[in-house]
Amino acid sequence: MKVLVVGGGGREHAIASALSQSGSTVFAVMKNHNPGIARLAQDYKLIKETEVEKVVEYARSRSVEMAVMGPESPLEVGLVDALEAAGVRCVGPTRMAARLETSKSFARSIMRKHQVPGNIEFASFSGLEEAKRYVMDHDQDLVVKPVGLTGGKGVKVMGEHLLTKADAIHYLEEIFDHRIGGGGVVLEERLVGEEFTLQVFCDGRNVVPMPLVQDHKRAYEGDVGPNTGGMGSYSQEDHLLPFVTSRERDTALGIVRRTVAAMEAEGCPYRGVLYGQFMNCRDGPRVIEFNARFGDPEAMNVLSILSSSFTEVCDGISGGSLSANKVAFQKKATVCKYVVPEGYGTEPAAGREIKVDEAAIADEGCRSYYAMVSEEGGKIVTSTSRAVGVVGIDDTIEAAERACERALTHVSGDAIFVRHDIGKPEVLRRRVQHMQQIRTI
Ligand code: AMP
């Protein structure tokens with residue numbers, strides 16, 4: 001089948017790789033010249049993923065039958081709607097269904113309306129003054145979220161990023177003055193617990209879960225520093241996590257199923273990958289947010305161990321015939337660490353050469369996926385964003401972490417940074433202890 005991959009990051013390299021391995025002929029549109037995707041693709045075009053008309057024209061010109069969406073930005077501008085109108089089936093939601101991600105107030109409101117469990121206290125504001133008043137009137141810590149897309153970097157938590165009410169008010173002013181995330185804000189209760197990600201495949205009605213993953217958003221070791229797009233992630237061989245029981249996973253899956261049913265009831269069926277970010281709290285999992293696509297890096301964890309045909313899975317999603325019997329993952333653990341430019345999260349050092357010995361990484365039984373790098377004159381050059389995702393795969397998280405570190409020795413460059421603590425035993429122990437404390441409060 002001729003399949004178009006939309007996007008040029010690590011997630012999309014993993015998508016293109018899984019499609020190619022399962023017999024698809026891959027085409028790609030991306031804004032950077034991702035060397036991994038370019039190599040896998042029969043043909044590609046360097047354009048912005050949000051240039052809807054150009055993407056549709058390209059898809060038509062290559063007679064692609066199906067398109068798989070990588071990032072969120074094309075969803076928001078209706079690329080799926082336009083491709084479907086042109087007869088291309090899509091793995092990714094329509095603009096209206098993507099509101100689960102593109103509007104944080106929509107996601108919370110739909111959960112409230114349909115009494116989906118796992119929701120939290122929240123209030124949405126389109127005006128600065130009311131938002132300020134809400135902060136002044138509340139004594140407990142709140143989380144400040146611009147209502148629209150911010151590339152995962154707009155959320156600030158009182159007690160962490162915002163130390164006083166004055167800091168929170170200052171941030172509200174910034175959001176409204178600079179129209180961060182489109183202006184408008186959601187203020188919500190601050191949850192305490194351990195975070196995990198549950199991604200599912202969904203064809204509008206049927207929901208099939210993938211292994212749980214834990215992402216690391218903070219830029220520096222020890223979970224400090226600014227929020228980033230994600231520095232790395234890991235998954236466990238039994239597809240749970242060291243601090244999430246199967247019962248808690250089932251609760252989270254139930255929440256996702258109820259949300260998908262709510263979307264169908266609203267006349268807005270959800271097709272694609274749905275990503276639930278959860279906080280495992282004292283009373284069970286609660287929703288932090290939904291994303292309308294694979295996570296990046298989480299896509300690299302799960303697609304690296306998908307043992308069934310990804311092309312068939314995508315066919316099922318886009319054709320409304322997804323079946324759990326056709327989706328299987330290896331019982332392996334994975335640890336993914338992103339190589340990023342030094343200063344990523346604040347002032348990244350862009351435009352430097354990076355060398356990746358892909359064959360040596362494969363010899364270690366690991367995988368590497370190029371992200372926001374570009375190939376220029378035979379050299380691979382970094383941008384201000386993440387450069388290469390390296391995935392270790394083994395029987396336990398500990399062994400996968402060691403494999404990932406071995407593989408990382410085959411990546412070199414003069415201004416690169418990696419969060420080496422991701423997946424290390426002491427970090428996992430801390431998370432398990434934290435969860436035990438929360439359960440006994
Ligand atoms: P988001 O972009 O919504 O995933 O938020 C980014 C990060 O902010 C999350 O990964 C959490 O660490 C944190 N966060 C978001 N919402 C909450 C909340 N209600 N309580 C505590 N932390 C949160």
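All ligand and atom numbering here is 1-based and tracks the order in the structure. Every heavy atom of this structure was used, including side-chain atoms; hydrogens, water molecules and symmetry mates were not. For clarity, every value in this text was computed on a predicted model and none was experimentally measured.
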Trainee: For residues 90-105, which residue pairs qualify under side-chain hydrogen bond (donor to acceptor under 3.5 Å, both in side chains), counting only residues two or more places apart or in two chains?
Mentor: Glu101-Arg293, Ser103-Ser105, Lys104-Glu289
Trainee: I'd like to know if Glu189 contacts ligand 1, where contact means a heavy-atom distance under 4.0 Å to any ligand atom.
Mentor: yes
Trainee: Are Ser368 and Ile361 close enough that some pair of their side-chain heavy atoms sits under 4.5 Å apart?
Mentor: yes
Trainee: Just to be sure I read this right, does ligand 1 sit under 4.0 Å from the backbone of Thr150, its side chain, both, or neither, counting only heavy atoms?
Mentor: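 Answer for Thr150: neither.
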Trainee: Show the atoms of ligand 1 that are less than 4.0 angstrom away from any heavy atom in Ile288.
Mentor: 3 (O), 15 (C), 16 (N)
Trainee: Ion pair present between Arg286 and Glu195, side-chain N to carboxylate O less than 4.0 angstrom?
Mentor: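 Salt bridge between Arg286 and Glu195, a charged N being under 4.0 Å from a carboxylate O: no.
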Trainee: Heavy-atom contacts with Glu289 under 4.0 Å: which atoms of ligand 1 show up? List them by number with element.
Mentor: 1 (P), 2 (O), 3 (O), 4 (O)
Trainee: Keeping the roles fixed (side chain from Thr251, backbone from Pro285), state whether a donor-acceptor pair exists under 3.5 Å.
Mentor: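 Such a contact is absent between Thr251 side chain and Pro285 backbone.
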Trainee: Just by modelled atom types, is the Thr311 backbone N or O under 3.5 Å from a matching donor or acceptor in the Asp315 side chain?
Mentor: no
Trainee: What atoms of ligand 1 come closer than 4.0 angstrom to any heavy atom of Ile120?
Mentor: 19 (N)
Trainee: Numbering the atoms of ligand 1 from 1, which are under 4.0 Å from a heavy atom of Val155?
Mentor: 1 (P), 2 (O), 3 (O), 5 (O), 6 (C), 8 (O), 15 (C)
Trainee: Using a strict cut-off of 4.0 Å, indicate which atoms of ligand 1 neighbour a heavy atom of Lys145.
Mentor: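 Per the distance check, 3 (O), 15 (C), 16 (N).
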Trainee: Is there any side-chain hydrogen bond (donor to acceptor under 3.5 Å, both in side chains) pair reaching into residues 120-131, and which pairs are they, with sequence neighbours excluded?
Mentor: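 Those involving residues 120-131 do not exist here.
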Trainee: Does an N or O anywhere in Arg190 fall below 3.5 Å from an N or O of ligand 1?
Mentor: no
Trainee: Near Met279, which atoms of ligand 1 are under 4.0 Å from a heavy atom of that residue?
Mentor: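 Going through ligand 1 atom by atom, the ones under 4.0 Å from Met279 are 21 (C), 22 (N).
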Trainee: Say whether Asn227, considering both its backbone and side-chain N or O atoms, lies within less than 3.5 Å of an N or O atom on ligand 1.
Mentor: no
Trainee: Does an N or O anywhere in Leu191 fall below 3.5 Å from an N or O of ligand 1?
Mentor: yes
Trainee: Please determine which of His114, Arg108, Glu188, Arg112 meets the side chain to side chain donor-acceptor pair (under 3.5 Å) test together with Asn119.
Mentor: Arg108
Trainee: What orientation do Phe294 and Phe201 show, parallel under 30°, tilted 30 to 60°, or perpendicular over 60°?
Mentor: perpendicular
Trainee: Mind checking whether Lys217 has an N or O less than 3.5 Å away from an N or O of ligand 1?
Mentor: no
Trainee: I'd like to check which ligand 1 atoms, numbered from 1 as shown, lie under 4.0 Å from a non-hydrogen atom of Lys104.
Mentor: 2 (O), 3 (O)
